[in-house]
Number of protein chains: 2
Amino acid sequence: MSTSDIVDPVTEHLLDDPRITAVGLFFEAHTGLVDRFSAQLAEHGLSSVEFEVLMRLARSPGHELRMSDLAAQTSLSTSGVTRVVDRMDRDGLIRRRACPTDRRSSYAVVTPAGMRRLDETLPAHLDLIARWFTGLLGPEQLTALLEALRTIRDAVRPEATAGARGTAAAGAER
Amino acid sequence: MSTSDIVDPVTEHLLDDPRITAVGLFFEAHTGLVDRFSAQLAEHGLSSVEFEVLMRLARSPGHELRMSDLAAQTSLSTSGVTRVVDRMDRDGLIRRRACPTDRRSSYAVVTPAGMRRLDETLPAHLDLIARWFTGLLGPEQLTALLEALRTIRDAVRPEATAGARGTAAAGAER
DNA sequence: AAACAACTATACACGAGGCAACATTCCCTA
DNA sequence: TAGGGAATGTTGCCTCGTGTATAGTTGTTT
């Protein structure tokens with residue numbers, strides 16, 4: 001085999017592929033936003049996942065969701081959801097409720113304290129979004145971005161499409 | 001729609017804010033892509049962060065980067081970089097090199113085996129990107145998306161802007 | 001020259017999350 | 001009316017990454 005002299009011209013060329021730079025842009029923007037957001041959320045005693053759990057529950061009818069549905073929406077494993085709910089239950093933000101029809105499953109439901117916490121957190125969070133995301137783009141640029149993102153999201157994550165408010169039947173398709 | 005008790009009308013209203021749906025779209029698309037990609041990377045024995053480390057090193061001059069610069073680019077902590085490099089050093093994908101001018105710092109440099117691993121992994125990875133990301137959008141839609149992403153990335157993560165190939169002085173602006 | 005501040009990498013303890021095993025419950029069929 | 005198979009949530013064990021403290025190195029100031 002030809003050895004060490006030639007490093008690897010093929011790989012060298014692939015590294016500059018526009019597809020690589022595209023995902024690089026996407027992922028770097030994501031981590032940047034996450035850093036900004038999580039710093040603000042930490043001031044209110046919430047981690048990123050805890051905030052997401054709180055949001056997804058609050059947007060659901062009755063402010064509650066079954067554990068497995070919550071896992072599907074957050075792309076956490078079921079055990080991960082169990083532990084997050086344990087934590088937030090201990091903190092009084094959400095509580096468990098036995099499912100009356102199916103004794104296997106249980107609901108996670110936001111407590112009044114949880115809603116209050118969300119109320120405290122959301123305004124500053126929305127400001128942050130406007131500052132580092134939506135506010136940086138022109139109106140038509142923003143709509144174009146959202147349309148592209150929606151296309152990708154729907155393709156790559158069909159089970160989370162029900163996450164939008166108003167769409168009934170969360171987690172019905174399986 | 002059940003007329004459930006409205007706990008907090010303010011928060012209720014904020015939950016439907018378009019900014020929330022915007023970041024929701026962004027983050028859900030991200031996690032979806034990460035899931036797809038990491039599944040494929042796992043087949044080649046690489047985690048997502050290991051792949052990113054390998055990529056960032058391979059794109060750098062000499063296929064090497066200082067530990068702290070690597071930490072800055074990947075938004076991992078310095079200790080996190082130490083552990084990843086330990087692992088990949090043990091697997092023979094990269095090795096450490098002492099810095100001749102500054103005895104405090106050390107370099108992480110890709111080994112030939114590491115470049116070979118990258119060579120094995122990249123083609124399928126590029127196919128996956130085309131399938132779930134770039135290929136889903138029209139040309140003008142894609143460029144619009146990339147421009148918007150670049151705007152956000154540059155605003156939110158200025159230290160990683162040097163990640164693009166060809167831009168000299170990685171980690172020079174501080 | 002000596003003290004001091006700024007960096008760089010590592011060691012250690014901790015929390016977070018995933019996988020696999022497990023107990024329980026539901027559903028369907030023989 | 002059992003009984004097998006699928007579904008649901010929880011727990012033990014493991015890996016991974018962070019924050020803090022530590023040691024070693026370099027440059028600066030008096």
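Just so it is clear: chains get the letters A, B, ... in the order the sequence lines come, proteins before strands, and each one is counted from 1.
Judged by the 6.0 Å and 45° rule, A:Arg97 forms a cation-pi pair with A:Tyr107.
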>> What verdict does the salt bridge (Lys or Arg N to Asp or Glu O under 4.0 Å) test give for B:Arg56 and B:Asp69, after you've listed the backbone C-alpha separation in whole Å, the side-chain angles of each residue and the deciding distance to 0.1 Å?
In response: CA-CA 10 Å; B:Arg56 293 212 123 98; B:Asp69 292 336; over 6 Å; no
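For A:Arg83 against D:dG12, a side-chain N or O and a base N or O form a donor-acceptor pair under 3.5 Å. At a cut-off of 3.5 angstrom, counting only N and O atoms as typed in the model, there is a donor on one side and an acceptor on the other between the side-chain of A:Ser79 and the base of C:dC19.
If you measure from atom CZ of B:Arg103 to atom P of C:dA6, you get 23 Å, rounded to the nearest angstrom. Protein atom CG of B:Asp69 is 14 Å distant from nucleotide atom P of C:dC7, rounded to whole Å. Between B:Leu41 atom CG and D:dC16 atom C1' the separation is 17 Å, expressed in whole Å. Taking atom CG on A:Asp86 and atom C1' on D:dT11, their separation rounds to 10 Å, with Å as the unit. If you take CG of A:Leu76 and P of C:dC19, they are 11 Å apart, rounded to a whole angstrom. In this structure, A:Met67 atom CE and D:dT11 atom C1' are separated by 13 Å, rounded to whole Å. Rounded to whole angstrom, the span from the CG atom of B:Asp102 across to the P atom of D:dT25 amounts to 11 Å. Taking atom CE of residue A:Met88 and atom P of nucleotide C:dG15, one finds them 18 Å apart after rounding to whole Å.
Neither OP1 nor OP2 of D:dT8 sits under 4.0 Å from any side-chain N or O of A:Ser105. The side chain of B:Ser68 contributes an N or O atom lying less than 4.0 Å from OP1 or OP2 of C:dA9. OP1 and OP2 of D:dT8 both lie 4.0 Å or more from every side-chain N or O belonging to A:Arg96.
When the nearest nucleotides of DNA chain D are assigned to A:Thr82 and B:Ser77 by heavy-atom distance, the more 5′-ward of the two goes with A:Thr82.
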So which protein nitrogen or oxygen atoms get under 3.5 Å of nucleotides 3-7 of chain D's nitrogens or oxygens?
| residue | atom | partner | partner atom | Å |
| --- | --- | --- | --- | --- |
| D:dA7 | N3 | A:Arg104 | NH1 | 3.2 |

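In this structure, B:His125 has its ring center closer than 6.0 angstrom to the ring center of B:Phe51.
The residues B:Arg96 and B:Asp86 are annotated as salt-bridged, a charged nitrogen and a carboxylate oxygen being separated by less than 4.0 angstrom.
In this structure, B:Ser106 reaches the sugar-phosphate backbone alone: every heavy-atom distance under 4.0 Å involves primed, P, OP1 or OP2 atoms, never a base. Across all strands, B:Gly80 comes closer than 4.0 Å to base atoms (heavy-atom distances). Across all strands, B:Val81 comes closer than 4.0 Å to no nucleic acid atom at all (heavy-atom distances).
Screening A:Leu54, A:Leu65, A:Leu118, A:Leu93 for a side chain to side chain contact (heavy atoms under 4.5 Å, CB included) with A:Val110, the sole residue that qualifies is A:Leu54.
Below 30°, between 30° and 60°, or above 60°: for B:His30 and A:Phe26 the angle between ring planes is below 30°, a parallel geometry.
The hydrophobic clustering, which links ILVMFWY residues whose side-chain heavy atoms are closer than 4.5 Å, places B:Met55 and B:Val109 apart.
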